[in-house]
2 protein chains.
Amino acid sequence: MVSFESFVQTDGAPIYLQIIRHIKQGIAAGTVSDGEEMPSRRVLSALLGVNPNTVQKAYRLLEEEGLITSHSGAKSYLSLTEEKVAAVRTELMEGVVRTLVGAVKGMGVSREEALSLLEKLWDEEVR
Amino acid sequence: MVSFESFVQTDGAPIYLQIIRHIKQGIAAGTVSDGEEMPSRRVLSALLGVNPNTVQKAYRLLEEEGLITSHSGAKSYLSLTEEKVAAVRTELMEGVVRTLVGAVKGMGVSREEALSLLEKLWDEEVR
DNA sequence: AGAACTGTACTATGCTTATAATACAGTTAG
DNA sequence: CTAACTGTATTATAAGCATAGTACAGTTCT
């Protein structure tokens, strides 16, 4: 069963996008695998404290991307291949790089400053 | 005059927050300084192709933060001190690094991998 | 003084996000 | 079989974001 234990909703992004990203991160990390069972819409909405429609929106988009399969009445499962996993990993990595590079280009940040701050915040930012 | 030449609106964030971040990045980078003149609401909205009300919202929040001063009828100016600049710099850096750390942790990247990834991306993309 | 700018305020409309409350049909476990 | 789950769909409400248009008073410059 795909876990949402480490899910944190501190982001400014829409909830349904955070849910999608969380699942994609699990895919990229290899902590979830093909054929694994997804939490039902109702169960996950209760777990996260959000509306079932919000979870449904995330699941619908994930199905449109071909990452999960859903059939009316039955449970939903992850549908992964090596190609899909690689694509997800690339997508997430590119997002990280774009964010980082865009930010440091905007402000004058030294390489050492970035590295030391990364070390400092690494242990504070878990959950 | 504060420049918006390098402003790009590719972010998923609200426009008024992107405007605020752009100005804060200029402050952190030292490319803008205390007393410098801000573009008028109407001029900047035309330049960015957004609504004047959107720029006004960004400017109002910046004034509430004490980073600019506005008086009815007159132009707006940056109001900076060393303390404010340092605070802006810290705020931006923490946001960036928290995003980076959160992302790579979700993807199952270790602390050492994250540090080496940052070093690698830095050398490839910034230099 | 007058024209052209400035900040500021207000109303109205539309879209996206998120919630709430249902409803119905298919699947599955006891 | 039946009850409890599942996915899916619908309608309604509310907030935030962005737009459009208008208005008014203060300032700046010639």
Side-chain angles (χ1 to χ4, degrees), chain A residues 1-4 7-24 32 34-80, chain B residues 1-4 7-24 32 35-80 95:
Chain A
M1 169 75 77
V2 174
S3 167
F4 278 79
F7 186 87
V8 273
Q9 188 187 333
T10 40
D11 217 313
I15 299 174
Y16 76 96
L17 289 180
Q18 295 183 46
I19 294 173
I20 291 175
R21 196 196 314 133
H22 181 270
I23 294 172
K24 287 186 176 179
V32 300
D34 180 59
E36 200 164 341
E37 184 183 324
M38 296 288 295
S40 82
R41 276 82 163 158
R42 290 172 178 84
V43 166
L44 183 55
S45 69
L47 183 65
L48 301 182
V50 303
N51 195 276
N53 296 328
T54 302
V55 177
Q56 162 63 9
K57 184 171 186 177
Y59 278 31
R60 177 175 57 80
L61 292 172
L62 282 170
E63 188 177 15
E64 289 177 0
E65 279 196 66
L67 296 177
I68 70 174
T69 59
S70 299
H71 298 97
S72 185
K75 295 177 179 176
S76 300
Y77 299 92
L78 280 168
S79 171
L80 301 178
Chain B
M1 171 73 77
V2 174
S3 166
F4 277 80
F7 187 87
V8 273
Q9 187 188 332
T10 41
D11 215 315
I15 299 174
Y16 76 96
L17 289 181
Q18 295 183 46
I19 294 173
I20 291 176
R21 195 196 315 134
H22 182 270
I23 294 172
K24 286 185 175 178
V32 300
E36 199 162 342
E37 183 182 325
M38 297 288 297
S40 82
R41 277 81 164 157
R42 290 173 178 83
V43 166
L44 183 55
S45 69
L47 183 67
L48 301 183
V50 301
N51 196 274
N53 296 327
T54 302
V55 178
Q56 163 62 11
K57 184 171 187 177
Y59 278 31
R60 178 175 56 80
L61 292 173
L62 282 170
E63 188 177 15
E64 289 177 2
E65 280 196 68
L67 295 178
I68 71 174
T69 59
S70 299
H71 299 98
S72 185
K75 295 176 180 176
S76 300
Y77 299 93
L78 280 168
S79 171
L80 302 178

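Chain letters run A, B, ... following the sequence lines, proteins first, then strands; residues in each count from 1.
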- Could you tell me which residues satisfy side chain to side chain contact (heavy atoms under 4.5 Å, CB included) with A:Ser70, sequence neighbours excluded, listed by chain and number? A:Arg41, A:Glu63, A:Ile68, A:Ser76

- Tell me, please, which residues at least two apart from A:Pro52 pass side chain to side chain contact (heavy atoms under 4.5 Å, CB included).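 A:Pro52 satisfies side chain to side chain contact (heavy atoms under 4.5 Å, CB included) with A:Ser45 only.
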
- Sequence neighbours excluded, every pair satisfying salt bridge (Lys or Arg N to Asp or Glu O under 4.0 Å) that has a member inside residues 65-80 of chain B: B:Lys24-B:Glu65, B:Glu37-B:Lys75

- So the salt bridge (Lys or Arg N to Asp or Glu O under 4.0 Å) pairs with at least one residue in residues 43-52 of chain B (sequence neighbours excluded) are none

For [N] and [X] - does any side-chain N or O of the residue sit under 4.0 Å from the phosphate oxygens OP1/OP2?
X: A:Arg41; N: D:dT8; answer: yes
X: B:Ser76; N: C:dG7; answer: yes
X: A:Ser70; N: D:dG7; answer: no

Just how far, in rounded Å, is [atom2] of [N] from [atom1] of [X]?
X: B:Leu44; N: C:dC5; atom1: CG; atom2: C1'; result: 16 Å
X: A:Glu63; N: D:dG7; atom1: CD; atom2: C1'; result: 9 Å
X: A:Glu37; N: D:dC5; atom1: CD; atom2: P; result: 14 Å
X: B:Gln56; N: C:dT11; atom1: CD; atom2: C1'; result: 16 Å

- For B:Arg42, which residues count as a salt bridge (Lys or Arg N to Asp or Glu O under 4.0 Å) partner, sequence neighbours excluded?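 Here no residue qualifies.
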
- Task: Indicate for each nucleotide in nucleotides 16-30 of chain D, in 5' to 3' sequence, whether protein heavy atoms under 4.0 Å reach the base (B), only the sugar-phosphate (S), or nothing (-).
- Result: -SSBBB-B--BSS--

- Note on the structure: Heavy atoms of A:Leu78 and A:Asp34 approach each other most closely as O-OD1, 3.5 Å

